[in-house]
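What follows is a single structure, written as C-alpha cells, with notes after it.
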Amino acid sequence: LSSERAAQFPPACRPACTPVIQVRTKGICRCQPAAVSWRMEILRDPIWNNVRLDPLALDLLDTPVMQRLRYVRQLGLAFLVYPGATHSRFEHALGAFHLAGVALRLLEEHGALAGIAARDRAIIRAAALLHDVGHYPFSHALEEIGVTHHEQVARPLLTEGTIADVLSRHLGNEAPGDVFALIAGRSAHPLQGLISGSIDLDKIEYLKRDATMCGVPYGEIDVDRLLNSLVLVERPDGSGRGIGIREKGLSALESLLFAKYQMYRNVYWHHAVRSATAMYKRLVAVSLDAGLAAGVDVARFTDEGLLAHLDTPALPADARAQLQGLGVRHLHKRAYECPAASLGDDVGEWIASDYPLTRRVEDALSHELGLTEGALLLDYPAKTQMLGLELPMLRRDGRVELLTAAGWDGAMNLPRLSDEFYRSARRLRVFTADRASIPTARVLAVLQRDADDVRDRLDRGVALLD
C-alpha cells in the first residue's frame, strides 16, 4: 500500500507507538506492521534512561508552548537551597510521557485494555506529556497569591493554537478537548486515574526526579512494583471502570506516600525554600498592583523572562528589595516558626487562603514594628490533599474495596496517618529581612485571630499588636 493511500485511513486506527499501515478488507480498517518505520526518536534521560518519542510526541514537543517548559524550573526557587534542583517542567513532562507508555504496555500485557481504542491510548500519552503546559514561572508559587490555577491556564493552550492543531491532525478534532478533560480530572474515561488521581503518573515521576536532582534519599519509590500492580477494575460505587491497584502493590503504594511526605517536609517546604517563595510572591503581587504585568500574561513567561520583565525603573521599592534579595540569595530569615500540630485547628488558615489579607497584615505589622514594607513576610503553605488517598484495591480473593481515609484492616493505616503527616510537615513561619527580631507572643496572638476579626481591625485602623 502506498504511503499516499495509507494516509487516507483514520489516524485513530494507528497504535500510538507501533509503525503500521492500514488496509481495507471488506470495508473494515485493519492495522498491520508497516514495511517502513515511522520517525521515532530516543532521548536519554537521567531518571528513566531511554525515552522513546513517536511522531505525535515529537510534533507536540516542537510547539512553542512545550518549548517554554524548558525554561520553567520544576521546583521553582528550590535551587537556591538544593543547587541540583534546576531541572525543568520539560524534563518532567518527558518522564510522565515515558511512564504513561510503560503503564499502558503493562496494562495491555495483563489484558486490561481490551476494548480501549489505540486512539484513546494515544490521548492518554498526550495528556501525560502536556499536563503542565499552563504552569507559571517558578512553578506553583503564584497560585498561592490567587492567580488562575495552572490547569485553567492550560485550557486555551490545549484547545486552541498549535497544540490543538497537532492533536487534531493526529487524533481527530475531539482530541484537544479530551486531553484537557483528562488533565483537569474531569474525564469519564477508565484511564483517567493515570493522569489525575491518587497514584497518577505525575506524582510518581516528580517524586523520583525531584529527589534525584536534589540529591536527597527521600523519594525512593518502588516504581516497577507500583506500575506492575496497576489494574482496571469496576469501581465499588458502581460508577464504572477505573484505575486501581492490586493488593500485592500495597507496599509500593506505601513507599509513594512516605516519599511524598518526606519530600514536602525536607524539600518543598524547607524553610529557606519557603522564604524565597514568600519573597517571590510578594515581588509579583506588588508588580501586578503597579501595572507592570497582567495576571493573565504572567503564565506566558519563563522563569528568567519574568524577572527580567519586572526589572524596570518603575518597579516599587518593596518589590525591588525582593528581586535583589533573590538575585544574590539574600533571603529573609525565620523570626518565628510553629508546626501546625501545635497551633490548633483553623488557626492562621487565612494566611494560606487569603493572600490580599495576608499582605495587609504584613504591611501593618511591618509599620507597627518599625520595619520597611516587605521586610516581614508570613507563610503557612497548604496542601490539603498532600497525602490524599481514594483508590480501588483489588484483593487477592477478587473483591474490590475502596481504600480511603477509613483505612483498611490488615494494612498500615496510611490514610489515617496522612493528617498527622500533613500537620507535622506544615509550619507557620514569620520571615524578616536582616534577621530583625519580633515580639513573637504578640505576633502569634494576631495570627491566631480569625480572618473577619483581623480584617475589621485593619479597616478601623486599630493596631494589630495592641
Side-chain angles (χ1 to χ4, degrees), residues 72-73 75-78 89 132-157 183-185 264 268-269 273-303 305-307 309-310 315-316 318-319 321-323 326 332 340 346-366 373-374 376-386 422 426-431 446-447 449-459 464:
V72 176
R73 294 182 182 90
L75 293 187
L77 293 150
R89 290 275 164 190
D132 274 350
V133 294
H135 263 290
Y136 290 90
F138 296 104
S139 199
H140 289 279
L142 294 188
E143 291 174 11
E144 298 179 18
I145 69 173
V147 297
T148 305
H149 192 276
H150 73 273
E151 288 178 352
Q152 292 306 312
V153 173
R155 179 194 290 271
L157 299 176
I183 292 173
Y264 268 93
Y268 307 146
W269 287 351
V273 174
R274 290 306 305 177
S275 172
T277 301
M279 294 171 66
Y280 171 65
K281 288 160 53 180
R282 180 86 182 192
L283 160 65
V284 176
V286 172
S287 299
L288 292 177
D289 288 350
L292 298 180
V296 69
D297 295 328
V298 172
R300 302 175 185 175
F301 285 97
T302 62
D303 290 355
L306 178 60
L307 297 184
H309 177 78
L310 298 179
L315 187 66
D318 173 359
Q322 313 302 332
L323 178 62
L326 291 172
H332 286 37
D346 299 326
V347 173
E349 289 298 338
W350 51 268
I351 300 173
S353 61
D354 191 341
Y355 188 73
L357 177 60
T358 299
R359 272 187 63 193
R360 292 182 67 191
V361 172
E362 290 172 348
D363 290 344
L365 291 176
S366 295
E373 280 194 1
L376 183 148
L377 302 175
L378 304 175
D379 186 60
Y380 198 32
K383 182 75 171 178
T384 55
Q385 294 300 311
M386 185 177 82
Y422 175 60
R426 195 181 184 203
R427 297 284 194 278
L428 171 63
R429 297 184 176 107
V430 181
F431 297 109
V446 173
L447 304 184
R449 295 192 179 109
D450 64 44
D452 290 338
D453 183 24
V454 172
R455 188 177 293 106
D456 178 65
R457 293 173 72 93
L458 290 171
D459 290 344
L464 294 178

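In this chain, residues are counted from 1 in sequence order.
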Quick check for you: to the nearest 0.5 Å, what is the distance between [X] atom [atom1] and [Y] atom [atom2]?
X: R359; Y: D354; atom1: CZ; atom2: CG; answer: 12.0 Å
X: T277; Y: L377; atom1: OG1; atom2: CG; answer: 11.0 Å
X: R282; Y: Y355; atom1: CZ; atom2: OH; answer: 6.0 Å
X: L447; Y: I351; atom1: CG; atom2: CD1; answer: 4.5 Å
X: E349; Y: L428; atom1: CD; atom2: CG; answer: 10.0 Å
X: R455; Y: R449; atom1: CZ; atom2: CZ; answer: 14.0 Å

What are the two closest heavy atoms between [X] and [Y], and how far apart are they?
X: Y380; Y: G348; value: CD2-O, 3.3 Å
X: A276; Y: L77; value: O-CD1, 3.5 Å
X: V286; Y: A319; value: CG1-CB, 3.9 Å
X: A382; Y: R426; value: CB-NH2, 3.7 Å
X: V133; Y: A154; value: CG2-CB, 3.8 Å

Given the rule in the side chain to side chain contact (heavy atoms under 4.5 Å, CB included) test, do D459 and R360 qualify, once you have shown the distances and angles that lead to the verdict? CA-CA 10 Å; D459 290 344; R360 292 182 67 191; 3.0 Å; yes
Taking only Lys NZ, Arg NE, NH1 and NH2, and the carboxylate oxygens of Asp or Glu, determine whether R89 and D303 approach each other closer than 4.0 Å. no
Are the side chains of [Y] and [X] in contact, using a 4.5 Å heavy-atom criterion?
X: Q322; Y: Y280; value: no
X: S366; Y: E373; value: no
X: L292; Y: P316; value: yes
X: K281; Y: D379; value: yes
X: L315; Y: S287; value: yes
X: V284; Y: L306; value: yes
X: F431; Y: R274; value: yes
X: E143; Y: Y136; value: yes

Check whether NZ of the Lys or CZ of the Arg R73 lies under 6.0 Å from the centre of the six-membered ring of F138 and within 45 degrees of that ring's axis. no
Under the side-chain hydrogen bond (donor to acceptor under 3.5 Å, both in side chains) test, which residues partner R457, sequence neighbours left out? none
Under the side chain to side chain contact (heavy atoms under 4.5 Å, CB included) rule, what do L458 and L357 come out as? Steps first, then yes or no, please. CA-CA 9 Å; L458 290 171; L357 177 60; 3.8 Å; yes
Could you check whether any side-chain N or O of H150 sits under 3.5 Å from a backbone N or O of A299, counting only pairs where one atom can act as donor and the other as acceptor? no
Do the ring planes of H309 and F301 sit parallel (below 30°), tilted (30 to 60°) or perpendicular (above 60°)? tilted
V298: which of L310, V147, V153, L288 passes side chain to side chain contact (heavy atoms under 4.5 Å, CB included): L288
